[in-house]
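Hydrogens, waters and symmetry mates are skipped; everything else that's a heavy atom, side chains included, is used. Bear in mind that the values here come from a model prediction, so they are computed numbers and not experimental data. So that the names make sense, note that chain A is the first sequence line, chain B the second, and so on, each numbered from 1.
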Number of protein chains: 2
Amino acid sequence: MGDTSAPSQGPKIHTEVKDSDLVFRRRRQIVDAAVHLFISKGFHKTTTREIAKAAGFSIGTLYEYVNSKEDVLYLVCQAIHSEMEQRLKQRLRHGINGARDLEAAISVYFTVCDQMSDHILLIYQETKSLPAESRRFVLEHELRITGVFKDLLARGVADFSLRPLHPPEITLVAHNIMVVGHMWGFRRWALAPSFSLEQYIQLQSDYLLGELT
Amino acid sequence: MGDTSAPSQGPKIHTEVKDSDLVFRRRRQIVDAAVHLFISKGFHKTTTREIAKAAGFSIGTLYEYVNSKEDVLYLVCQAIHSEMEQRLKQRLRHGINGARDLEAAISVYFTVCDQMSDHILLIYQETKSLPAESRRFVLEHELRITGVFKDLLARGVADFSLRPLHPPEITLVAHNIMVVGHMWGFRRWALAPSFSLEQYIQLQSDYLLGELT
DNA sequence: ATTATCTATAGATCTATAGATAATGC
DNA sequence: ATTATCTATAGATCTATAGATAATGC
């Protein structure tokens, strides 16, 4: 997780430390350490001691910046979604027609999914381990990303580069795009023997968009 | 998990008990108990004591039938896949043309996904907690189910009810069907406000098959 | 003085097993 | 005698915190 942009809103996590810039930096250390540990060992098999050690400070210090191990998981999930959203939005373009922009966005998104497949898998696996409130917020973040595709679809419909679609259809297609992107992550073991990422993007784009024109 | 059919093959789990029919019955008790606990609390937060108690015997007895908690998870994953495979295959029909049979199979499969969505989610979440060897076997079982759709697609191509498809395309579409079925399970919170299961099946079938004729 | 960090540990589990007991069939 | 089951617990953790120490700025 390079740069963790400001976590929009969501449940605030209590800290004993006053210096908010220090809190920000230390939490980034915590997230960077925990992401890798959670990906390789899973949330439950990672100990708070390991997280503290990998972050470069002691277990006592860790607990000055979070109240519980679940807080660390929440920070990690937030950071992953923020990173995905940022990488995606950064490379969106607003060209002449919605259909083309959508196709380009799918390509960008699938590339991000490829790069972050371990992180996506982690969210699938561990969202359930979050306390109810933070889980809700993580799922909302997922919907916010889905909203990017909804918007592009709506724009394509509006400028007639896509055929007319009812709102529920737009929802469905947006979710399909999301899940087919994730699928490259969690089924790569089955898909990679047959496809390169580029081929996967090409073929899935054709299937996803073929019905929409 | 009603009836757990014979677990085809895969890593055998050691037991101290000689009576193989008893082993079969006790393991079914273990699976039935563990499935529900794992679904509601997750694998790691469920204790072996709870599993034993819910199964109706003591912790000592549990360990006569498995060697480890991971063995229980393996039994559970196996049982879920067997059940899915069985429910799906049971209702497959072999009609006049492949395209129709495929459409019917998708409908059956999505209905099974609806009924077993908690179980599917469990597999997504906990496969990673399995030891390497049993994980491999669980993933193979997943491929075996995907193979059902590959076969139907190949048959549709052969009898010209579907357009010609390269083998990699058949693989891709089969995986898409699988994942779009699962998606109803793990995204129902986002989809159910817009669709009933029947509408979901109808629309997704159209999208999945529209490109294939 | 205040803030941040560390060390040491309380307190609470949890898995897996050893050894005792009950049930079954010769 | 053999097989299945149970009780009791060894042994190993792990989270979270209390209280001590070091660093910073008045």
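Side-chain to base pairing of B/Arg49 with D/dT7: no donor and acceptor N or O lie closer than 3.5 Å to each other.
Between the C1' atom of D/dT7 and the CG atom of B/Leu62 lies a distance of 15 Å, rounded to the nearest Å. Atom NZ of A/Lys53 and atom C1' of D/dC14 are 16 Å apart (whole Å). Atoms NZ (A/Lys45) and P (C/dT13) sit 21 Å apart, rounded to a whole Å. Look at CD on B/Glu70: it is 15 Å from P on C/dC14, rounded to the nearest Å. In this structure, B/Tyr63 atom OH and D/dA8 atom P are separated by 19 Å, rounded to whole Å. Regarding B/Ile51, its CD1 atom lies at a distance of 15 Å from the C1' atom of C/dT13, rounded to whole Å. For the pair A/Phe57 CZ and C/dA4 C1', the interatomic distance rounds to 12 Å; values are reported in whole Å. Residue B/Leu22 contributes atom CG, which lies 14 Å from atom C1' of D/dT2 at whole-angstrom precision.
In summary, the side chains of A/Gln29 and A/Arg26 do present a donor paired with an acceptor at a separation below 3.5 Å, with no hydrogens or angles considered. No side-chain N or O of A/Glu133 forms a donor-acceptor pair with one of A/Tyr74 less than 3.5 Å apart.
In terms of position along DNA chain C, the nucleotide closest to B/Ser68 lies nearer the 5' end than the nucleotide closest to the other residue of the pair B/Glu64 and B/Ser68. Nearer the 5' end of DNA chain D, as judged by each residue's closest nucleotide, is the contact made by B/Glu16, out of B/Glu16 and B/Ile59.
Phosphate proximity of C/dC14 to B/Thr48: absent, as no side-chain N or O sits under 4.0 Å from OP1 or OP2. For D/dC6, one of the phosphate oxygens OP1 or OP2 lies less than 4.0 angstrom from a side-chain nitrogen or oxygen of B/Thr61.
In terms of modelled atom types and a separation under 3.5 Å, the side chain of B/Lys45 and the main chain of A/His44 share no donor-acceptor contact.
Base pairing analysis places C/dA18 opposite D/dT7; the two distances defining the Watson-Crick or G-U wobble pair are each below 3.5 Å. Remark: C/dT24 base-pairs with D/dA1; criterion is Watson-Crick or G-U wobble with both hydrogen-bond distances under 3.5 Å.
Ion pairing between a basic and an acidic side chain is recognised when a charged N comes within 4.0 Å of a carboxylate O; A/Glu50 and A/Lys41 show such pairing. With salt bridges taken as basic N to acidic carboxylate O contacts below 4.0 Å, one links B/Arg25 and B/Asp21.
Comparing atom distances between the B/Ser58 side chain and each of D/dT7, D/dA4, D/dA16 picks out D/dT7 as nearest.
Residue-level contact check: A/Thr15 touches neither bases nor backbone, having no heavy atom under 4.0 Å from any strand.
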